[in-house]
2 protein chains.
Amino acid sequence: MAELRADAQRNRGELLGAARQVIAEEGVDASLRDIARRAGVGIGTLYRHFPTREALLAAIIDDGVRRLAATAEGLAAAKPADEALDAWLTKVAGTIGPYRGLAASMLEAVTDEEAGDPALRLACEGMMDSGRDLLAAAQASGDIRPDVTWPDVFTAIAAISGIASQPGKQDRDAAARVLAVYLDGLRATHAARPVQAM
Amino acid sequence: MAELRADAQRNRGELLGAARQVIAEEGVDASLRDIARRAGVGIGTLYRHFPTREALLAAIIDDGVRRLAATAEGLAAAKPADEALDAWLTKVAGTIGPYRGLAASMLEAVTDEEAGDPALRLACEGMMDSGRDLLAAAQASGDIRPDVTWPDVFTAIAAISGIASQPGKQDRDAAARVLAVYLDGLRATHAARPVQAM
DNA sequence: ACCTGAACACCGTTCAAGT
DNA sequence: ACCTGAACACCGTTCAAGT
């Protein structure tokens, strides 16, 4: 990756910038042609750099998820396990939320071994490890229900953070309120209720 | 609606059946041309009957939401308020879940006064009333937190039920488990935690 | 090595022409 | 009153041709 030709490197940067803009506005299903246009390159160039829409998404979030993984350790050291988990999950939701549909794409990448895009799954790996660790610590400390798994919790966070980029902005932090209720449900302070089939 | 020409009525039925099939398979963004093809009519006919994709969605779920509204009263009479709410929300999630993306469309219709499609919003009206009533009753009985609103709860249910139609079926009832945790968080049995900004 | 854009098979949506 | 399909402007994706 380091030995890209100078023009190629510039194009890559231009594409990434344009993609961040367009996807923030239009969501993950935004037109790739649009992105290429705004980056000032041909559509073929976009495909050469990012063979897959998910590869482009992976590149977009790469920095963010790396930061999340880094944050996890600091939080674990500074706070009680359950509060660290809370704060971190809130950060995750905040990072993913603004890009409409991104949470669903990440969920698919991480969850679906065959259909999920490998590049996006790879990008999420560090973040997934951090989440698993934080959850395990909070469960070990007895603050969080022992019967939830990290995949389930991440699934929940992904679904809930999607609320933030939903159209209908009359209530911008509905996602935060829903998340608060879910995090409450995660506490071990009360008896777990049985799961009802849907 | 009753005085449709015979052939028009048949076409409408054919379109509805095809739409249910295709959308169950491909999600709410399924190709309208595909639906028209499978119904054996021209694309123009689809547009004449359902001027908007959301109008088609509204027609598809009309029966289901009507049933939900009807169920609500029975549950309220038969069970304690909080259990009635639980059971009903679970039913809602089960009804909406199978159609990928439907929950998001309904949420937009119900939430976004300007951009949301009026036909879909209208179709959801009875269901929304039922939910509001059930929640109010459960809050009045003291079982459910007083600080949550029905729009927030519906938003949560919509987001969570979307999990069920997410690709990556390795774990088919993840949605049910996430819902159970959220419903737990809805209980008034423990102190509400503060909402953190995302 | 890398970039470009034409080409292909699609799609949503509209609307003249038909019965 | 209703149906049809061509027409338009898009889109994702590929690939020959260029430098």
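Protein chains get the first letters and strands the later ones, always in sequence-line order, with residue 1 at the start of each.
Across every strand in view, C:dA9 sits unpaired, with no contact that passes the Watson-Crick or G-U test at under 3.5 angstrom. With a cut-off of 3.5 Å on both Watson-Crick or G-U wobble distances, the partner of C:dA17 is given as none.
Straight-line distance from the CG atom of B:Asp7 to the P atom of C:dT19: 15 Å, rounded to whole Å. Taking atom CD of B:Glu54 as the reference point, atom P of C:dG12 lies 12 Å away to the nearest angstrom. Note: CZ (B:Arg33) to P (D:dG5) measures 12 Å, nearest angstrom. The distance between atom CZ of A:Arg48 and atom C1' of C:dC2, rounded to the nearest whole Å, is 5 Å. When rounded to the nearest whole Å, the span between OH of A:Tyr47 and P of C:dG5 equals 16 Å. Straight-line distance from the CZ atom of A:Arg10 to the C1' atom of C:dA1: 15 Å, rounded to whole Å. Between A:Leu32 atom CG and D:dT13 atom C1' there is a gap of 10 Å when expressed in whole angstrom units. Taking atom CG of A:Leu46 as the reference point, atom P of D:dC15 lies 17 Å away to the nearest angstrom.
Side-chain proximity of A:Arg37 to the nucleotides D:dC11, D:dC2, D:dG5 is greatest for D:dC11. The side chain of B:Asp34 sits closest to C:dC11 out of D:dG12, C:dT4, C:dC11.
Put simply, the residue from B:Val92, B:Thr90, B:Leu107, B:Asp152 that forms a side chain to side chain contact (heavy atoms under 4.5 Å, CB included) with B:Ile157 is B:Val92. Checking A:Leu183, A:Ile144, A:Leu135 one by one against A:Val153, the side chain to side chain contact (heavy atoms under 4.5 Å, CB included) holds for a single residue, A:Leu135.
Using a 4.0 Å cut-off between a side-chain N of Lys or Arg and a carboxylate O of Asp or Glu, A:Arg100 and A:Asp29 do not qualify as a salt bridge.
Toward the 5′ end of DNA chain D lies the nearest nucleotide of B:Asn11, the other residue of the pair B:Asn11 and A:Ala30 mapping further downstream. Where B:Arg5 and B:Thr52 meet DNA chain C, the nucleotide closest to each residue was compared, and B:Thr52 sits on the side nearer the 5' end.
At a threshold of 4.5 Å between non-hydrogen side-chain atoms, the residues B:Gln166 and A:Glu108 count as touching. In this structure, B:Phe154 and B:Arg132 have side chains that are not in contact, with every pair of non-hydrogen atoms separated by 4.5 Å or more.
When heavy atoms are screened at a 4.0 angstrom cut-off, A:Ser31 is found touching the sugar-phosphate backbone but no base atom.
Phosphate contact (OP1/OP2 of C:dC3, side-chain N/O of A:His49, threshold under 4.0 Å): present.
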